[in-house]
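For the numbers below, each heavy atom of this structure counts, side chains included, while hydrogens, waters and symmetry mates do not. By convention in this document, chain letters (A, B, ...) are assigned in the order of the sequence lines, proteins followed by strands, and residues within each chain are numbered from 1. None of these values were measured; they are calculated from a predicted model.
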2 protein chains.
Amino acid sequence: MSTKPKTVDCRDCPIHKLQTFRNFEKAELNFISDFKTGELSADAGATILVEGAHSAHLFTILSGWAFRYKMLEDGRRQILNFALPGDLVGLQGSLEGEMQHSVEALTSLRLCVFEKQRLREIFTNHPELAYDVTWIAAREERILDEHLLSIGRRSALERAAYLLAFLQNRASASGEPAKRYLPVNQQHVADTLGLSTVHTNKTLRKLADRKLIRWRERSCEVLDHKGLMKIADWEGLGRENRPFI
Amino acid sequence: MSTKPKTVDCRDCPIHKLQTFRNFEKAELNFISDFKTGELSADAGATILVEGAHSAHLFTILSGWAFRYKMLEDGRRQILNFALPGDLVGLQGSLEGEMQHSVEALTSLRLCVFEKQRLREIFTNHPELAYDVTWIAAREERILDEHLLSIGRRSALERAAYLLAFLQNRASASGEPAKRYLPVNQQHVADTLGLSTVHTNKTLRKLADRKLIRWRERSCEVLDHKGLMKIADWEGLGRENRPFI
DNA sequence: CGCGGTATTGAGACGTATCAAAGGAAGTGG
DNA sequence: CCACTTCCTTTGATACGTCTCAATACCGCG
(Lines give C-alpha, C1' and ligand atoms only; values in the text may rest on other atoms or scores of the structure.)
Protein backbone atom coordinates (compact mmCIF):
# COMPACT_ATOMS: atom_id res chain seq x y z
CA MET A 1 0.00 0.00 0.00
CA SER A 2 1.14 3.52 -0.69
CA THR A 3 1.33 5.92 2.21
CA LYS A 4 -1.51 8.40 2.38
CA PRO A 5 -1.61 11.79 4.03
CA LYS A 6 -3.75 11.70 7.13
CA THR A 7 -5.85 14.64 6.06
CA VAL A 8 -7.17 15.62 2.68
CA ASP A 9 -6.01 18.90 1.22
CA CYS A 10 -9.06 20.87 0.09
CA ARG A 11 -7.38 21.47 -3.22
CA ASP A 12 -7.54 17.75 -3.85
CA CYS A 13 -10.88 17.26 -2.16
CA PRO A 14 -12.64 14.31 -3.74
CA ILE A 15 -15.99 15.85 -3.10
CA HIS A 16 -15.32 19.01 -5.03
CA LYS A 17 -14.70 16.88 -8.05
CA LEU A 18 -18.18 15.41 -8.05
CA GLN A 19 -20.66 16.47 -10.66
CA THR A 20 -23.26 17.71 -8.27
CA PHE A 21 -21.10 20.52 -7.00
CA ARG A 22 -20.26 23.81 -8.59
CA ASN A 23 -16.74 24.71 -9.71
CA PHE A 24 -14.50 26.67 -7.41
CA GLU A 25 -11.80 29.26 -7.94
CA LYS A 26 -8.25 28.61 -6.86
CA ALA A 27 -8.45 31.44 -4.36
CA GLU A 28 -11.58 29.99 -2.84
CA LEU A 29 -10.01 26.59 -2.42
CA ASN A 30 -6.95 28.13 -0.88
CA PHE A 31 -9.09 29.97 1.60
CA ILE A 32 -11.13 26.92 2.48
CA SER A 33 -7.95 24.99 2.91
CA ASP A 34 -6.74 27.57 5.38
CA PHE A 35 -10.10 27.70 7.08
CA LYS A 36 -10.04 23.98 7.70
CA THR A 37 -8.37 23.17 10.98
CA GLY A 38 -8.42 19.41 10.92
CA GLU A 39 -10.31 16.22 10.40
CA LEU A 40 -12.38 14.06 12.68
CA SER A 41 -13.23 10.41 12.37
CA ALA A 42 -16.07 8.76 14.22
CA ASP A 43 -17.59 5.31 14.42
CA ALA A 44 -21.22 4.58 13.76
CA GLY A 45 -23.24 5.57 16.78
CA ALA A 46 -20.78 8.18 18.01
CA THR A 47 -22.16 11.51 19.12
CA ILE A 48 -20.64 14.42 17.22
CA LEU A 49 -22.50 17.32 18.78
CA VAL A 50 -24.92 17.46 21.68
CA GLU A 51 -27.90 19.67 22.33
CA GLY A 52 -27.22 22.33 24.93
CA ALA A 53 -23.46 22.37 24.48
CA HIS A 54 -21.45 25.23 23.05
CA SER A 55 -19.58 24.06 20.02
CA ALA A 56 -16.68 26.02 18.62
CA HIS A 57 -16.74 23.97 15.46
CA LEU A 58 -18.50 23.52 12.22
CA PHE A 59 -18.17 20.38 10.13
CA THR A 60 -18.38 19.22 6.58
CA ILE A 61 -18.93 15.56 5.89
CA LEU A 62 -16.16 13.94 3.88
CA SER A 63 -17.56 10.44 3.93
CA GLY A 64 -20.33 8.57 5.70
CA TRP A 65 -23.78 9.51 6.96
CA ALA A 66 -24.93 11.34 10.08
CA PHE A 67 -28.23 12.59 11.43
CA ARG A 68 -29.48 15.51 13.50
CA TYR A 69 -32.08 15.00 16.22
CA LYS A 70 -33.82 16.55 19.19
CA MET A 71 -35.22 14.89 22.27
CA LEU A 72 -37.92 15.62 24.81
CA GLU A 73 -37.18 15.21 28.49
CA ASP A 74 -38.89 11.85 28.73
CA GLY A 75 -36.78 10.37 25.97
CA ARG A 76 -38.98 10.74 22.92
CA ARG A 77 -36.66 11.39 19.98
CA GLN A 78 -37.25 13.13 16.68
CA ILE A 79 -34.74 12.84 13.86
CA LEU A 80 -34.74 16.15 12.01
CA ASN A 81 -32.62 15.44 8.98
CA PHE A 82 -29.74 13.42 7.62
CA ALA A 83 -26.32 14.66 6.58
CA LEU A 84 -24.36 13.13 3.71
CA PRO A 85 -20.96 13.80 2.14
CA GLY A 86 -20.75 17.45 1.20
CA ASP A 87 -23.25 18.58 3.83
CA LEU A 88 -22.45 21.24 6.35
CA VAL A 89 -23.19 20.29 9.95
CA GLY A 90 -23.52 22.65 12.87
CA LEU A 91 -24.78 25.66 10.97
CA GLN A 92 -28.39 24.86 11.75
CA GLY A 93 -29.72 26.56 14.80
CA SER A 94 -28.09 29.63 16.16
CA LEU A 95 -24.77 30.73 14.75
CA GLU A 96 -23.80 31.66 18.24
CA GLY A 97 -24.99 30.18 21.52
CA GLU A 98 -25.78 26.62 22.41
CA MET A 99 -26.60 23.80 20.07
CA GLN A 100 -30.30 23.26 19.71
CA HIS A 101 -29.95 19.70 18.48
CA SER A 102 -27.59 16.76 18.62
CA VAL A 103 -25.72 15.06 15.81
CA GLU A 104 -24.88 11.37 15.67
CA ALA A 105 -22.87 9.28 13.23
CA LEU A 106 -25.07 6.85 11.35
CA THR A 107 -22.16 5.07 9.68
CA SER A 108 -18.46 5.48 10.27
CA LEU A 109 -17.73 9.05 9.45
CA ARG A 110 -14.98 11.41 8.35
CA LEU A 111 -15.47 15.11 8.90
CA CYS A 112 -13.61 18.30 8.04
CA VAL A 113 -13.41 20.63 11.01
CA PHE A 114 -13.76 24.41 10.82
CA GLU A 115 -13.80 27.07 13.49
CA LYS A 116 -17.12 28.78 13.86
CA GLN A 117 -15.38 31.89 15.04
CA ARG A 118 -13.81 32.41 11.68
CA LEU A 119 -17.11 32.22 9.85
CA ARG A 120 -17.24 36.01 9.67
CA GLU A 121 -13.99 36.01 7.70
CA ILE A 122 -15.77 34.22 4.94
CA PHE A 123 -18.26 37.03 4.78
CA THR A 124 -15.67 39.78 4.68
CA ASN A 125 -13.18 38.10 2.37
CA HIS A 126 -15.13 35.74 0.15
CA PRO A 127 -18.61 36.97 -0.69
CA GLU A 128 -19.13 34.12 -3.11
CA LEU A 129 -18.49 31.57 -0.41
CA ALA A 130 -20.65 33.53 1.99
CA TYR A 131 -23.45 33.41 -0.52
CA ASP A 132 -22.90 29.68 -0.70
CA VAL A 133 -23.31 29.35 3.04
CA THR A 134 -26.65 31.08 2.80
CA TRP A 135 -27.59 28.95 -0.15
CA ILE A 136 -26.87 25.86 1.90
CA ALA A 137 -28.96 27.14 4.77
CA ALA A 138 -31.85 27.87 2.43
CA ARG A 139 -31.62 24.36 1.03
CA GLU A 140 -31.81 22.85 4.49
CA GLU A 141 -34.91 24.92 5.11
CA ARG A 142 -36.52 23.64 1.98
CA ILE A 143 -35.89 20.09 3.10
CA LEU A 144 -37.24 20.76 6.57
CA ASP A 145 -40.36 22.21 4.96
CA GLU A 146 -40.83 18.97 3.06
CA HIS A 147 -40.37 16.92 6.20
CA LEU A 148 -42.88 19.06 8.03
CA LEU A 149 -45.44 18.56 5.31
CA SER A 150 -44.74 14.88 5.43
CA ILE A 151 -45.06 14.36 9.16
CA GLY A 152 -47.97 16.72 9.46
CA ARG A 153 -50.15 15.64 6.60
CA ARG A 154 -49.10 12.33 5.08
CA SER A 155 -50.31 8.91 6.23
CA ALA A 156 -47.81 6.44 7.63
CA LEU A 157 -47.43 4.68 4.28
CA GLU A 158 -46.97 7.94 2.40
CA ARG A 159 -44.51 9.18 4.98
CA ALA A 160 -42.38 6.08 4.75
CA ALA A 161 -42.46 6.24 0.96
CA TYR A 162 -41.43 9.88 1.04
CA LEU A 163 -38.57 9.30 3.44
CA LEU A 164 -37.08 6.39 1.55
CA ALA A 165 -37.42 8.17 -1.78
CA PHE A 166 -35.80 11.21 -0.23
CA LEU A 167 -32.89 9.26 1.20
CA GLN A 168 -32.41 7.36 -2.02
CA ASN A 169 -32.41 10.65 -3.88
CA ARG A 170 -29.79 12.10 -1.58
CA ALA A 171 -27.67 8.98 -1.60
CA SER A 172 -27.52 8.74 -5.36
CA ALA A 173 -26.49 12.39 -5.63
CA SER A 174 -23.82 12.09 -2.98
CA GLY A 175 -21.31 10.21 -5.06
CA GLU A 176 -21.11 7.11 -2.96
CA PRO A 177 -22.50 4.79 -5.57
CA ALA A 178 -20.95 1.85 -3.83
CA LYS A 179 -23.71 2.06 -1.29
CA ARG A 180 -26.76 0.51 -2.80
CA TYR A 181 -28.41 0.33 0.57
CA LEU A 182 -29.63 3.09 2.81
CA PRO A 183 -27.82 2.72 6.13
CA VAL A 184 -30.80 3.13 8.45
CA ASN A 185 -32.54 0.71 10.74
CA GLN A 186 -36.25 0.72 11.51
CA GLN A 187 -35.71 2.66 14.70
CA HIS A 188 -34.20 5.50 12.69
CA VAL A 189 -37.07 5.42 10.25
CA ALA A 190 -39.58 5.45 13.07
CA ASP A 191 -37.90 8.38 14.80
CA THR A 192 -37.82 10.33 11.57
CA LEU A 193 -41.44 9.66 10.69
CA GLY A 194 -42.77 10.28 14.17
CA LEU A 195 -44.14 6.72 14.42
CA SER A 196 -43.59 3.80 16.78
CA THR A 197 -41.16 1.12 15.68
CA VAL A 198 -43.90 -1.47 15.62
CA HIS A 199 -46.10 0.48 13.28
CA THR A 200 -43.08 1.46 11.20
CA ASN A 201 -42.29 -2.20 10.78
CA LYS A 202 -45.79 -2.97 9.57
CA THR A 203 -45.72 -0.03 7.22
CA LEU A 204 -42.37 -0.99 5.72
CA ARG A 205 -43.71 -4.48 5.25
CA LYS A 206 -46.48 -3.11 3.07
CA LEU A 207 -43.95 -1.30 0.92
CA ALA A 208 -41.91 -4.48 0.68
CA ASP A 209 -44.99 -6.53 -0.25
CA ARG A 210 -45.59 -4.14 -3.10
CA LYS A 211 -42.00 -4.68 -4.27
CA LEU A 212 -41.07 -1.04 -3.73
CA ILE A 213 -38.28 -1.81 -1.28
CA ARG A 214 -36.48 -4.75 0.20
CA TRP A 215 -35.45 -4.68 3.82
CA ARG A 216 -32.05 -5.93 4.87
CA GLU A 217 -30.25 -6.09 8.13
CA ARG A 218 -29.89 -2.49 9.27
CA SER A 219 -30.48 -1.12 5.82
CA CYS A 220 -32.98 -0.70 3.04
CA GLU A 221 -32.76 -1.33 -0.68
CA VAL A 222 -34.97 0.82 -2.85
CA LEU A 223 -36.38 -1.19 -5.73
CA ASP A 224 -38.80 1.30 -7.24
CA HIS A 225 -37.83 4.89 -6.62
CA LYS A 226 -40.52 6.35 -8.83
CA GLY A 227 -43.14 4.19 -7.24
CA LEU A 228 -42.24 5.58 -3.83
CA MET A 229 -42.36 9.14 -5.12
CA LYS A 230 -45.76 8.52 -6.62
CA ILE A 231 -47.19 7.14 -3.40
CA ALA A 232 -45.88 10.14 -1.51
CA ASP A 233 -46.92 12.68 -4.15
CA TRP A 234 -43.37 14.00 -4.04
CA GLU A 235 -41.46 15.64 -6.87
CA GLY A 236 -37.92 15.04 -5.68
CA LEU A 237 -35.09 17.44 -5.00
CA GLY A 238 -33.95 19.60 -7.88
CA ARG A 239 -30.85 18.54 -9.75
CA GLU A 240 -28.80 21.50 -8.83
CA ASN A 241 -25.23 22.66 -8.86
CA ARG A 242 -24.67 22.70 -5.16
CA PRO A 243 -22.06 24.84 -3.56
CA PHE A 244 -19.85 23.29 -0.96
CA ILE A 245 -17.37 24.37 1.60
CA MET B 1 -56.47 63.23 8.89
CA SER B 2 -52.93 64.27 8.21
CA THR B 3 -51.35 63.17 5.01
CA LYS B 4 -48.84 60.37 5.39
CA PRO B 5 -46.06 59.33 3.08
CA LYS B 6 -47.05 56.21 1.23
CA THR B 7 -43.87 54.38 1.99
CA VAL B 8 -41.64 54.28 5.01
CA ASP B 9 -38.04 55.35 4.61
CA CYS B 10 -35.80 52.66 6.07
CA ARG B 11 -33.90 55.31 7.98
CA ASP B 12 -37.09 55.99 9.91
CA CYS B 13 -38.19 52.39 10.01
CA PRO B 14 -40.28 51.84 13.12
CA ILE B 15 -39.12 48.28 13.37
CA HIS B 16 -35.44 49.09 13.57
CA LYS B 17 -36.19 51.11 16.64
CA LEU B 18 -37.55 48.15 18.56
CA GLN B 19 -35.53 46.66 21.35
CA THR B 20 -35.38 43.20 19.94
CA PHE B 21 -33.29 44.25 16.98
CA ARG B 22 -29.65 45.08 16.79
CA ASN B 23 -28.36 48.58 16.00
CA PHE B 24 -27.46 49.49 12.46
CA GLU B 25 -24.88 51.74 10.89
CA LYS B 26 -25.91 54.69 8.78
CA ALA B 27 -24.29 53.14 5.74
CA GLU B 28 -26.23 49.95 6.23
CA LEU B 29 -29.52 51.77 6.49
CA ASN B 30 -28.70 53.76 3.40
CA PHE B 31 -28.00 50.61 1.50
CA ILE B 32 -31.15 48.92 2.70
CA SER B 33 -33.11 51.99 1.76
CA ASP B 34 -31.72 51.77 -1.75
CA PHE B 35 -32.28 48.04 -1.88
CA LYS B 36 -35.93 48.48 -1.06
CA THR B 37 -37.97 48.93 -4.20
CA GLY B 38 -41.40 49.53 -2.75
CA GLU B 39 -44.14 48.49 -0.41
CA LEU B 40 -47.01 46.12 -0.71
CA SER B 41 -50.26 46.05 1.21
CA ALA B 42 -52.49 43.04 1.40
CA ASP B 43 -55.76 42.14 3.09
CA ALA B 44 -56.16 39.17 5.36
CA GLY B 45 -56.46 36.05 3.28
CA ALA B 46 -54.56 37.44 0.31
CA THR B 47 -51.94 35.22 -1.28
CA ILE B 48 -48.51 36.84 -1.35
CA LEU B 49 -46.49 34.09 -2.98
CA VAL B 50 -47.52 30.81 -4.51
CA GLU B 51 -45.76 27.47 -4.68
CA GLY B 52 -44.36 26.71 -8.11
CA ALA B 53 -44.15 30.32 -9.24
CA HIS B 54 -40.94 32.21 -9.88
CA SER B 55 -40.80 35.23 -7.65
CA ALA B 56 -38.43 38.08 -8.35
CA HIS B 57 -39.04 39.51 -4.92
CA LEU B 58 -38.16 39.15 -1.31
CA PHE B 59 -40.22 40.72 1.46
CA THR B 60 -39.87 42.02 4.94
CA ILE B 61 -42.95 42.37 7.09
CA LEU B 62 -43.62 45.90 8.26
CA SER B 63 -46.87 45.15 10.05
CA GLY B 64 -49.30 42.29 10.35
CA TRP B 65 -48.93 38.50 10.32
CA ALA B 66 -48.51 36.02 7.49
CA PHE B 67 -47.91 32.29 7.22
CA ARG B 68 -46.04 29.93 4.90
CA TYR B 69 -47.63 26.64 3.84
CA LYS B 70 -47.39 23.71 1.47
CA MET B 71 -50.17 21.58 0.04
CA LEU B 72 -50.52 18.05 -1.28
CA GLU B 73 -52.37 17.46 -4.51
CA ASP B 74 -55.54 16.36 -2.82
CA GLY B 75 -55.79 19.55 -0.79
CA ARG B 76 -54.24 18.59 2.52
CA ARG B 77 -52.46 21.65 3.82
CA GLN B 78 -49.55 22.04 6.21
CA ILE B 79 -48.67 25.41 7.67
CA LEU B 80 -44.90 25.54 8.03
CA ASN B 81 -44.34 28.71 9.99
CA PHE B 82 -45.63 32.17 10.71
CA ALA B 83 -44.07 35.50 9.78
CA LEU B 84 -44.33 38.58 11.98
CA PRO B 85 -43.06 42.15 11.71
CA GLY B 86 -39.34 42.09 11.07
CA ASP B 87 -39.37 38.66 9.45
CA LEU B 88 -37.92 38.03 6.03
CA VAL B 89 -40.24 36.21 3.64
CA GLY B 90 -39.24 34.46 0.45
CA LEU B 91 -35.73 33.49 1.46
CA GLN B 92 -36.80 30.05 2.54
CA GLY B 93 -36.44 27.41 -0.11
CA SER B 94 -34.17 27.92 -3.03
CA LEU B 95 -32.60 31.29 -3.56
CA GLU B 96 -33.13 30.77 -7.24
CA GLY B 97 -35.78 28.74 -8.97
CA GLU B 98 -39.43 28.24 -8.14
CA MET B 99 -41.07 28.82 -4.82
CA GLN B 100 -41.43 25.64 -2.82
CA HIS B 101 -44.20 26.98 -0.62
CA SER B 102 -46.95 29.59 -0.61
CA VAL B 103 -47.38 32.59 1.63
CA GLU B 104 -50.71 34.02 2.75
CA ALA B 105 -51.64 37.10 4.76
CA LEU B 106 -53.11 36.16 8.12
CA THR B 107 -54.10 39.72 9.00
CA SER B 108 -53.95 42.83 6.87
CA LEU B 109 -50.33 43.22 5.97
CA ARG B 110 -47.72 45.76 4.94
CA LEU B 111 -44.55 44.50 3.32
CA CYS B 112 -41.28 46.01 2.13
CA VAL B 113 -40.32 44.73 -1.29
CA PHE B 114 -36.78 43.86 -2.35
CA GLU B 115 -35.40 42.41 -5.55
CA LYS B 116 -34.00 38.95 -5.16
CA GLN B 117 -31.60 39.61 -7.99
CA ARG B 118 -29.77 42.21 -5.98
CA LEU B 119 -29.24 39.89 -3.04
CA ARG B 120 -25.70 39.21 -4.22
CA GLU B 121 -24.90 42.91 -3.86
CA ILE B 122 -25.44 42.59 -0.17
CA PHE B 123 -22.81 39.91 -0.07
CA THR B 124 -20.24 41.88 -2.01
CA ASN B 125 -20.85 45.28 -0.44
CA HIS B 126 -22.12 44.68 3.06
CA PRO B 127 -20.69 41.59 4.71
CA GLU B 128 -22.34 42.45 8.00
CA LEU B 129 -25.75 42.47 6.40
CA ALA B 130 -24.92 39.30 4.52
CA TYR B 131 -24.04 37.66 7.80
CA ASP B 132 -27.40 38.83 9.09
CA VAL B 133 -29.19 37.15 6.22
CA THR B 134 -27.52 33.89 7.11
CA TRP B 135 -28.29 34.44 10.76
CA ILE B 136 -31.94 34.86 9.87
CA ALA B 137 -31.92 31.70 7.81
CA ALA B 138 -30.31 29.79 10.66
CA ARG B 139 -32.97 31.07 13.04
CA GLU B 140 -35.74 29.88 10.75
CA GLU B 141 -34.09 26.47 10.70
CA ARG B 142 -34.04 26.33 14.44
CA ILE B 143 -37.73 27.08 14.55
CA LEU B 144 -38.50 24.49 11.93
CA ASP B 145 -36.54 21.97 14.00
CA GLU B 146 -38.76 22.77 16.97
CA HIS B 147 -41.88 22.36 14.88
CA LEU B 148 -40.68 19.02 13.58
CA LEU B 149 -40.07 17.77 17.08
CA SER B 150 -43.50 18.99 18.03
CA ILE B 151 -45.45 17.42 15.21
CA GLY B 152 -43.44 14.25 15.25
CA ARG B 153 -43.28 13.48 18.92
CA ARG B 154 -45.72 15.52 20.98
CA SER B 155 -49.32 14.58 21.74
CA ALA B 156 -52.15 16.77 20.49
CA LEU B 157 -52.41 18.62 23.78
CA GLU B 158 -48.67 19.19 24.00
CA ARG B 159 -48.53 20.31 20.40
CA ALA B 160 -51.27 22.85 20.86
CA ALA B 161 -49.62 24.14 24.02
CA TYR B 162 -46.31 24.45 22.22
CA LEU B 163 -47.78 26.29 19.27
CA LEU B 164 -49.68 28.82 21.32
CA ALA B 165 -46.73 29.42 23.61
CA PHE B 166 -44.55 29.85 20.55
CA LEU B 167 -46.89 32.31 18.90
CA GLN B 168 -47.34 34.25 22.11
CA ASN B 169 -43.58 34.38 22.47
CA ARG B 170 -43.16 35.70 18.97
CA ALA B 171 -46.01 38.15 19.28
CA SER B 172 -44.73 39.71 22.46
CA ALA B 173 -41.27 40.16 20.94
CA SER B 174 -42.58 41.69 17.76
CA GLY B 175 -43.50 45.05 19.19
CA GLU B 176 -47.19 44.96 18.46
CA PRO B 177 -48.25 45.00 22.07
CA ALA B 178 -51.62 46.32 21.08
CA LYS B 179 -52.47 42.82 19.93
CA ARG B 180 -53.27 40.83 22.98
CA TYR B 181 -54.81 38.12 20.88
CA LEU B 182 -53.15 35.73 18.49
CA PRO B 183 -54.83 36.22 15.11
CA VAL B 184 -55.37 32.59 14.19
CA ASN B 185 -58.52 30.56 13.84
CA GLN B 186 -58.85 26.89 14.67
CA GLN B 187 -58.34 25.90 11.06
CA HIS B 188 -54.92 27.54 11.11
CA VAL B 189 -54.03 25.81 14.35
CA ALA B 190 -55.15 22.47 12.96
CA ASP B 191 -53.15 22.90 9.77
CA THR B 192 -50.08 23.83 11.76
CA LEU B 193 -50.36 20.93 14.17
CA GLY B 194 -51.22 18.35 11.57
CA LEU B 195 -54.57 17.61 13.21
CA SER B 196 -58.19 17.73 12.07
CA THR B 197 -60.18 20.82 12.99
CA VAL B 198 -62.58 18.78 15.07
CA HIS B 199 -59.87 17.29 17.19
CA THR B 200 -58.12 20.63 17.39
CA ASN B 201 -61.29 22.12 18.77
CA LYS B 202 -61.56 19.48 21.46
CA THR B 203 -57.90 19.91 22.34
CA LEU B 204 -58.16 23.69 22.62
CA ARG B 205 -61.19 23.22 24.80
CA LYS B 206 -59.10 21.25 27.24
CA LEU B 207 -56.54 24.04 27.39
CA ALA B 208 -59.34 26.52 27.93
CA ASP B 209 -60.89 24.39 30.68
CA ARG B 210 -57.55 24.48 32.45
CA LYS B 211 -57.55 28.28 32.20
CA LEU B 212 -54.43 28.32 30.05
CA ILE B 213 -56.09 30.11 27.16
CA ARG B 214 -59.39 31.71 26.27
CA TRP B 215 -60.72 31.32 22.79
CA ARG B 216 -62.28 34.25 20.99
CA GLU B 217 -63.69 34.72 17.55
CA ARG B 218 -60.83 34.07 15.14
CA SER B 219 -58.22 34.56 17.82
CA CYS B 220 -56.76 33.21 21.02
CA GLU B 221 -55.85 34.87 24.27
CA VAL B 222 -53.03 33.27 26.20
CA LEU B 223 -53.73 33.37 29.93
CA ASP B 224 -50.85 31.29 31.24
CA HIS B 225 -47.80 31.37 29.05
CA LYS B 226 -45.59 29.46 31.43
CA GLY B 227 -48.24 26.83 31.93
CA LEU B 228 -48.30 26.20 28.20
CA MET B 229 -44.53 25.96 28.04
CA LYS B 230 -44.52 23.50 30.88
CA ILE B 231 -47.07 21.24 29.24
CA ALA B 232 -45.08 21.26 26.04
CA ASP B 233 -41.71 20.85 27.76
CA TRP B 234 -40.52 23.85 25.75
CA GLU B 235 -37.87 26.35 26.77
CA GLY B 236 -38.88 29.25 24.59
CA LEU B 237 -36.92 31.20 22.00
CA GLY B 238 -33.80 32.94 23.16
CA ARG B 239 -34.02 36.64 23.92
CA GLU B 240 -31.67 37.70 21.24
CA ASN B 241 -30.61 40.80 19.42
CA ARG B 242 -32.04 39.96 16.09
CA PRO B 243 -30.70 41.42 12.91
CA PHE B 244 -33.17 42.74 10.42
CA ILE B 245 -33.20 43.91 6.85
C1' DC C 1 -23.25 -21.78 22.27
C1' DG C 2 -25.37 -18.05 24.15
C1' DC C 3 -26.01 -13.19 23.77
C1' DG C 4 -27.52 -8.40 22.26
C1' DG C 5 -29.39 -5.88 18.93
C1' DT C 6 -32.83 -6.03 15.33
C1' DA C 7 -37.02 -7.40 13.04
C1' DT C 8 -41.65 -9.50 13.24
C1' DT C 9 -46.32 -10.69 14.94
C1' DG C 10 -50.76 -10.48 17.54
C1' DA C 11 -54.18 -8.48 20.71
C1' DG C 12 -56.25 -4.87 22.91
C1' DA C 13 -56.33 0.10 24.30
C1' DC C 14 -56.21 4.72 23.00
C1' DG C 15 -56.00 8.81 20.18
C1' DT C 16 -57.43 10.95 16.21
C1' DA C 17 -60.17 11.21 11.84
C1' DT C 18 -64.50 11.44 9.60
C1' DC C 19 -69.23 12.46 9.04
C1' DA C 20 -73.10 15.01 10.21
C1' DA C 21 -75.53 18.54 12.33
C1' DA C 22 -76.41 22.61 14.95
C1' DG C 23 -75.32 26.99 17.28
C1' DG C 24 -73.17 31.77 17.20
C1' DA C 25 -71.22 35.94 15.62
C1' DA C 26 -70.35 39.20 11.89
C1' DG C 27 -71.53 41.16 7.50
C1' DT C 28 -74.83 42.20 3.60
C1' DG C 29 -78.64 43.85 1.29
C1' DG C 30 -83.29 44.95 1.47
C1' DC D 1 -83.85 47.07 11.74
C1' DC D 2 -84.54 42.50 10.07
C1' DA D 3 -83.70 38.38 7.28
C1' DC D 4 -80.17 36.09 5.24
C1' DT D 5 -75.71 34.33 4.27
C1' DT D 6 -71.32 33.03 5.52
C1' DC D 7 -67.70 31.73 8.25
C1' DC D 8 -66.27 29.84 12.49
C1' DT D 9 -66.94 27.03 16.50
C1' DT D 10 -69.01 23.28 19.05
C1' DT D 11 -70.89 18.68 19.85
C1' DG D 12 -71.92 13.58 19.32
C1' DA D 13 -71.38 9.05 17.18
C1' DT D 14 -68.69 5.91 14.90
C1' DA D 15 -64.67 4.22 12.15
C1' DC D 16 -59.95 3.90 11.61
C1' DG D 17 -55.04 4.39 12.43
C1' DT D 18 -51.52 4.11 15.49
C1' DC D 19 -49.62 2.95 20.11
C1' DT D 20 -48.44 -0.14 23.82
C1' DC D 21 -47.38 -4.38 25.69
C1' DA D 22 -45.69 -8.84 25.20
C1' DA D 23 -43.80 -12.58 23.00
C1' DT D 24 -41.18 -14.76 19.33
C1' DA D 25 -37.90 -15.19 15.57
C1' DC D 26 -33.69 -13.92 13.47
C1' DC D 27 -28.86 -12.85 12.77
C1' DG D 28 -23.95 -11.71 13.53
C1' DC D 29 -20.59 -12.07 16.84
C1' DG D 30 -17.72 -13.21 20.76
query: Which of parallel (below 30°), tilted (30 to 60°) and perpendicular (above 60°) describes A:Y162 and A:F166?
result: parallel
Can you give each donor-acceptor pair under 3.5 Å made by side-chain atoms of residues 197-207 of chain B, sequence neighbours left out, with the distance rounded to 0.1 Å?
{"residue": "B:T200", "atom": "OG1", "partner": "B:S196", "partner atom": "O", "Å": "2.7"}
{"residue": "B:N201", "atom": "ND2", "partner": "B:Q186", "partner atom": "OE1", "Å": "2.9"}
{"residue": "B:T203", "atom": "OG1", "partner": "B:H199", "partner atom": "O", "Å": "2.8"}

side-chain N/O A:Q186 vs C:dT8 OP1/OP2, d < 4.0 Å: yes
- prompt: Taking atom CG of A:L148 and atom OG1 of B:T192, what is their separation to the nearest 0.5 Å?
  reply: 9.0 Å
- prompt: How close or far is atom P of C:dT8 from atom CZ of A:R214, stated in whole angstroms?
  reply: 14 Å
message: When you measure from the side-chain N and O atoms of B:R205 to the phosphate of D:dT11, is any distance below 4.0 Å, counting only OP1 and OP2?
response: yes
message: Generate the contact string for nucleotides 15-30 of chain D. Rules: B means base contact, S means sugar-phosphate contact only, - means no protein heavy atom under 4.0 Å.
response: ---BSBB---------
- request: Calculate the interatomic distance between A:W215 atom CH2 and C:dT8 atom P; express it in whole Å.
  value: 8 Å
message: Please identify which of these residues, A:R76, A:Q78, A:R77, meets the side chain to side chain donor-acceptor pair (under 3.5 Å) condition with A:D191.
response: A:R77
- prompt: What's the CG-P distance between B:L106 and D:dC7, to the nearest Å?
  reply: 17 Å
- prompt: Which whole-number value in Å describes the distance from B:H188 NE2 to D:dC7 P?
  reply: 13 Å
field: B:N201 side-chain N/O to D:dT10 phosphate OP1/OP2 under 4.0 Å
entry: yes
message: Check this one for me: any side-chain N or O of B:R218 less than 4.0 Å away from OP1 or OP2 of C:dA25?
response: no
- line: Distance col, row A:L84:CG vs A:L167:CG, nearest 0.5 angstrom, shows 8.0 Å
query: How would you label the contact of A:N185 with the nucleic acid (heavy atoms, under 4.0 Å): base, sugar-phosphate, or nothing?
result: sugar-phosphate
message: Can you confirm if the NZ or CZ of A:R68 lies within 45° of the ring axis of A:F82 and under 6.0 Å from the centre of its six-membered ring?
response: no
